Amino acid sequence: MLHAMDIDVWLQRGAVAQPSSISDTLATGNSAVLDWPELQTSVAACTACELHRSRSQTVFGVGSRQADCLVIGEAPGAEEDRRGEPFVGPAGQLLNAMLAAMGLSRDDVYIANILKCRPPGNRDPEHHEVSECSGYLARQIALVEPRIILALGRIAAQNLLHTATPIGQMRGQQYTYGDTEIPVIVTYHPAYLLRSPGEKRKSWDDLQLAMTYLAEVKA
Ligand code: URA
C-alpha cells in the first residue's frame with residue numbers, strides 16, 4: 001500500500017484537475033518531493049472528491065512534524081470542520097486524556113486523519129474518498145517519519161493496513177505500515193470509548209504497548 005510510485009501516480013492524476021501552481025509542478029513530474037507547505041496548500045485546494053462541496057475547510061493535521069508517534073483517526077467531525085484542526089471535539093478531549101496517560105501532549109505527537117474533509121453527518125468514509133485522499137496521508141507519514149503509528153478505530157486501522165479484519169482482532173497484533181518497519185498499534189477510537197467506557201481498559205493495554213515501542217526508541 002501507499003508506495004512511492006502510487007503516491008506519484010495519484011498526485012499527478014490529482015494535478016490534472018487542480019489548476020494551482022503546485023499542481024502544475026506535480027504535472028511536470030516532481031510530485032514525490034512535496035514539502036510541508038506544498039502539501040498543505042495542495043490539501044487546502046483539493047477537489048478530488050465530492051466532500052469538498054460540503055466542507056467548511058480541510059483539516060490537514062497538527063502537532064510536531066518530528067514526532068516519534070503519529071496518531072491517525074478517521075475523518076473530521078463537525079467541530080474539526082469548523083476549526084480546521086483534528087480531534088478538537090469531544091473525542092479529541094478523550095484523545096488528549098489518552099495521550100496524557102501516556103505522558104504525552106498533543107504537541108509531542110502528530111495527529112492526522114484518513115480523510116481531510118468531513119463526511120456529511122459523520123457517515124463512514126467511502127472507499128473512493130479514502131483512495132483519493134490516501135496520497136496526502138502517505139506523504140505526511142513520509143515527512144514525519146514516525147517511530148510508531150497509533151491507529152484510532154476501525155476505519156483508520158483497516159485502511160492503513162489494507163485489511164477487513166475486525167478491530168477487536170487487530171488489537172494487540174504486530175503490524176507494520178506498508179513496506180516500512182514502522183509499527184502500527186491499533187486501538188479503539190475515542191468516540192467509541194465515549195460510548196463504551198467499559199472498553200477503556202483494553203485501550204489502555206494498547207496504549208501501554210505503544211509506550212513500550214516508544215521507550216525502545218529512547219533507550
Ligand atoms: N474523529 C476523528 O476520527 N478525527 C477527528 O479529527 C475528529 C473526530
Side-chain angles (χ1 to χ4, degrees), residues 2 39-40 43-44 46 49 51-52 54-65 67 69-102 104-141 144 146 148-163 166-168 170-171 175 177 184-197 199-200 202-203 206-207 210:
L2 302 172
L39 185 62
Q40 198 151 4
V43 168
C46 185
C49 78
L51 294 182
H52 80 276
S54 51
R55 74 183 180 216
S56 303
Q57 58 190 313
T58 56
V59 177
F60 183 71
V62 73
S64 167
R65 292 173 174 180
C69 179
L70 174 54
V71 179
I72 302 181
E74 178 177 329
E79 189 66 10
E80 289 78 18
D81 174 74
R82 198 175 65 76
R83 290 174 51 184
E85 182 174 331
F87 283 101
V88 290
Q93 299 305 309
L94 182 54
L95 175 60
N96 293 348
M98 292 162 72
L99 292 174
M102 297 171 72
L104 298 171
S105 74
R106 285 171 76 89
D107 294 336
D108 295 322
V109 300
Y110 193 82
I111 306 173
N113 281 312
I114 295 286
L115 292 190
K116 307 303 185 216
C117 295
R118 181 189 183 209
N122 297 344
R123 64 159 168 75
D124 284 356
E126 291 181 5
H127 181 72
H128 73 95
E129 294 162 350
V130 172
S131 144
E132 297 285 4
C133 225
S134 64
Y136 295 134
L137 181 60
R139 188 65 187 143
Q140 286 176 306
I141 296 171
V144 173
I148 68 161
I149 293 173
L150 181 62
L152 301 177
R154 175 180 64 87
I155 300 287
Q158 291 184 343
N159 284 294
L160 279 171
L161 297 169
H162 285 238
T163 176
I167 186 166
M170 297 177 84
R171 292 186 43 257
Y175 295 104
Y177 168 69
V184 178
I185 290 101
V186 174
T187 194
Y188 292 122
H189 194 286
Y192 170 75
L193 295 174
L194 287 173
R195 295 192 300 273
S196 309
E199 301 286 62
K200 283 185 184 172
K202 291 186 198 164
S203 189
D206 304 331
L207 300 185

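Given the structure is predicted, the values throughout are model-derived calculations rather than measurements. Counting from 1, the numbers follow the sequence of the chain as shown. Counting starts at 1 for both ligands and their atoms, in listed order.
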Does H162 have its ring centroid less than 6.0 Å away from the ring centroid of Y175?
-> no
Could you go through ligand 1 and note, for every N or O atom, any protein N or O atom closer than 3.5 angstrom, writing the atom names and distance to 0.1 Å, or 'none'?
{"residue": "ligand 1", "atom": "1 (N)", "partner": "H189", "partner atom": "NE2", "Å": "3.3"}
{"residue": "ligand 1", "atom": "3 (O)", "partner": "E74", "partner atom": "N", "Å": "2.7"}
{"residue": "ligand 1", "atom": "3 (O)", "partner": "A75", "partner atom": "N", "Å": "3.4"}
{"residue": "ligand 1", "atom": "3 (O)", "partner": "H189", "partner atom": "NE2", "Å": "2.8"}
{"residue": "ligand 1", "atom": "4 (N)", "partner": "A75", "partner atom": "O", "Å": "3.0"}
{"residue": "ligand 1", "atom": "4 (N)", "partner": "N113", "partner atom": "OD1", "Å": "2.9"}
{"residue": "ligand 1", "atom": "4 (N)", "partner": "N113", "partner atom": "ND2", "Å": "3.4"}
{"residue": "ligand 1", "atom": "6 (O)", "partner": "F87", "partner atom": "N", "Å": "2.9"}
{"residue": "ligand 1", "atom": "6 (O)", "partner": "N113", "partner atom": "ND2", "Å": "2.8"}

Only residue of R123, R55, R118 satisfying salt bridge (charged side-chain N to carboxylate O under 4.0 Å, His left out) with E129 is R123
Could you tell me which residues satisfy side chain to side chain contact (heavy atoms under 4.5 Å, CB included) with R195, sequence neighbours excluded, listed by chain and number?
-> A191, Y192
Looking at side-chain heavy atoms only, is the closest gap between L39 and F60 below 4.5 Å?
-> yes
Sequence-distant partners of Q140, side-chain hydrogen bond (donor to acceptor under 3.5 Å, both in side chains), two or more places apart | Y110, K116
Quick one: which residue pairs count as a salt bridge (charged side-chain N to carboxylate O under 4.0 Å, His left out) with a foot in residues 69-79, not counting sequence neighbours?
-> E79-R82, E79-R83
